[in-house]
A.B. asks: 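Right, I'll just put the structure down here and ask away after.
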Amino acid sequence: MPDERFRQLLEAAPDAILQVDEEGRIILMNRVTEEMFGYAREELLGQPVEVLIPEELRKAHVGHRAHYRTRPSTRAMGTGLTLQGLRKDGSRFPVEISLSPGSSQEGFHATAIVRDITERKLADDRFRAAQEQYTQKLAETNRELELRSREIERADRLKSEFLASMSHELRTPLHTIIGFSELLGEELEGPLNEKQKRFVQHIHNDSMHLLDLINDILDLSKIESGRLELRPEPFDLTAVVTESIASVRALAEAKSIALETLLDVPMAIEADRLRVKQVLVNLLSNAVKFTPEGGRVRVEAGIRGTFVALCVADTGVGISSEEHASIFEKFYQVGATTQGVREGTGLGLAITKRLVEQHGGSIHVESERNRGSRFTFTIPLQK
Amino acid sequence: MKKVLVADDRATGRELVRTVLENSGYEVFEATNGLEAVNQAHELSPDLIILDIHMPGLDGFGVIEQLRSEEHFAATPIIALTASAMMGDRERAMAAGFTGYVTKPIGLNALRAEVARLLR
């Protein structure tokens with residue numbers, strides 16, 4: 001290659017390029033080398049390459065050089081280490097060096113390509129700092145989240161405690177209101193006139209309604225906060241159906257409503273007996289409430305795969321299809337109940353649905369206006 | 001006449017139970033807190049005691065623990081009266097030595113029946 005073109009090639013490189021002879025003396029260098037190390041060409045040519053290396057490393061470098069001489073290859077120098085260059089003014093800077101061996105008439109020589117990586121190191125450091133900051137922030141966020149979740153747990157516990165004590169505090173005065181109104185109604189302390197009797201009955205009814213509300217709200221909030229624990233036990237569903245029907249019998253008889261059961265087989269299931277009964281009683285008392293005099297209410301039960309399906313059907317006022325979804329919502333009420341029936345809380349079906357679902361079952365309704373209603377719920381045969 | 005001791009920190013609660021039981025022909029005595037209930041029990045040797053669970057100071061559980069530790073009250077029927085509706089409360093009361101358990105609000109007939117059952 002002609003000298004001039006060779007020179008141009010050398011000077012076009014963005015890195016410092018220098019060549020040293022067998023003794024480590026600098027025999028060739030480009031302009032970038034001068035700029036990088038702060039020396040003039042004539043100051044470096046003929047000098048041992050160690051002048052460009054921090055003093056404490058010079059001795060070792062002589063050894064490395066000798067070693068390279070015995071096993072020459074093109075490779076990066078000091079892989080994995082942070083190499084440093086030394087400027088004329090004594091300042092140091094990080095470098096990356098690649099080496100390649102060569103030979104000419106003068107004998108062995110090595111070419112070193114030196115790159116100043118100050119900028120890259122700076123960027124690296126900045127990146128690492130940012131990364132560290134990010135990691136720290138992440139840890140902080142995690143700590144905060146943990147704290148927050150502990151706070152939520154605590155708030156949840158406080159809410160439950162509040163509900164329990166509120167229920168207690170509300171029941172205490174309600175206890176005496178209900179008791180005294182019942183006592184007055186018994187007329188043991190003296191006769192009441194018709195109007196007084198009716199008023200006392202109003203006080204009693206509304207107090208009982210308030211009690212139902214307190215019980216239902218407590219139930220619902222226990223279910224919704226996941227604090228309602230089911231107590232599964234094996235039992236015969238037939239017995240629970242019989243008991244549930246007994247609990248609405250008086251109400252049904254007062255309206256001359258016939259109560260029927262159609263139970264396929266004795267059904268042994270494992271579930272929370274009290275809660276299953278609560279569901280059934282709720283559906284039955286709804287059925288009786290919304291069925292006019294002389295109607296029929298019927299409980300059917302049968303096995304459906306791995307579930308037992310219980311159906312409460314009535315010949316009552318029915319529910320229009322637009323309302324089918326809403327009736328399971330809280331405080332939704334389907335118009336007025338029939339005469340002489342205690343007002344509902346609007347929470348019964350919401351609680352019923354959640355109780356069934358917590359058991360792993362489901363509930364749905366089939367109904368049309370003035371065509372009666374069929375509520376069917378399922379409970380797994382075995383949990 | 002059978003003697004019944006009623007302990008409740010609320011006067012209206014005491015009057016309600018007193019009225020119902022007096023109508024049924026019992027002699028009723030009142031205590032306004034747990035300590036008074038223990039003292040009255042010693043003084044009167046009642047045939048039956050009705051204890052409100054939730055009383056400031058010595059509560060129903062404290063009273064029954066005290067009374068049941070004495071030979072004299074080992075077999076006295078004691079009814080727990082409570083406005084709490086938590087699951088497991090009944091079991092806890094029975095385990096503590098109560099012989100009856102009535103939740104507030106009481107049905108008057110339920111109270112009459114429970115007292116009659118325990119004094120039969």
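Chain A is the first sequence line, chain B the second, and so forth, proteins listed ahead of strands; every chain is numbered from 1. On a predicted model such as this, the values are computed, not experimentally measured, just so you know.
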A.B. asks: Can you name the closest pair of heavy atoms from B/Leu108 and A/Gly179 and give their distance?
C.D. replies: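 Scanning both residues, the minimum pair turns out to be CD1-O, 3.8 Å.
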
A.B. asks: Would you say A/Glu161 has more than 12 foreign heavy atoms packed within less than 6.0 Å of its CD?
C.D. replies: yes

A.B. asks: Could you tell me which of A/Leu188, A/Ile214, A/Leu183 has the largest number of non-hydrogen atom pairs under 4.5 Å with chain B?
C.D. replies: A/Leu183

A.B. asks: Mark yes when over 12 heavy atoms from residues, nucleotides or ligands other than A/Gln278 sit less than 6.0 Å from its CD; otherwise mark no.
C.D. replies: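 Counting other residues, nucleotides and ligands, CD of A/Gln278 exceeds 12 neighbours.
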
A.B. asks: Give, for atom CD1 of A/Ile177 and atom OG1 of B/Thr12, the distance between the pair rounded to the nearest 0.5 Å.
C.D. replies: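 With rounding to 0.5 Å, CD1 (A/Ile177) is 9.0 Å from OG1 (B/Thr12).
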
A.B. asks: Return yes when atom CZ of B/Arg92 has more than 12 non-hydrogen atoms of other residues, nucleotides or ligands closer than 6.0 Å, and no otherwise.
C.D. replies: no

A.B. asks: Against chain B, work out which of A/Leu211, A/Leu174, A/Leu170 has the most heavy-atom pairs shorter than 4.5 Å and name it.
C.D. replies: A/Leu211

A.B. asks: I need the B/Asn109 CG to A/Glu186 CD distance, nearest 0.5 Å.
C.D. replies: 6.0 Å

A.B. asks: Does the distance from a Lys or Arg side-chain N to an Asp or Glu carboxylate O, for A/Glu169 and B/Arg10, drop under 4.0 Å?
C.D. replies: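 Result for this pair is no, no salt bridge flagged.
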
A.B. asks: Decide if atom CD of B/Glu65 counts as having more than 12 heavy atoms of other residues, nucleotides or ligands within a radius under 6.0 Å.
C.D. replies: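 Not buried by this count: 12 neighbours or fewer within 6.0 Å.
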
A.B. asks: Between B/Asn23 and A/Glu189, is a side-chain contact (heavy atoms from CB on, under 4.5 Å) present by the stated rule, with each step listed?
C.D. replies: CA-CA 9 Å; B/Asn23 282 337; A/Glu189 308 295 330; 3.3 Å; yes

A.B. asks: Taking all non-hydrogen atoms of both residues into account, name the closest pair between B/Leu16 and A/Thr176 and its distance.
C.D. replies: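 In this case the closest contact between B/Leu16 and A/Thr176 is CD2-CA, 4.1 Å.
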
A.B. asks: Nearest heavy-atom pair of B/Ala83 and A/Arg171: which atoms, and what distance?
C.D. replies: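 Heavy-atom minimum between the residues: O-CD, 2.6 Å.
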
A.B. asks: Would you say that more than 12 heavy atoms from the other residues, nucleotides or ligands in this model lie under 6.0 Å from the NE2 of A/His168, or not?
C.D. replies: yes

A.B. asks: Salt bridge check: are A/Glu182 and B/Arg112 linked by an N-O gap of less than 4.0 Å?
C.D. replies: no

A.B. asks: With a 4.5 angstrom heavy-atom cut-off, could you sort out which part of A/Ile178 is near chain B: side chain, backbone, both or neither?
C.D. replies: side chain

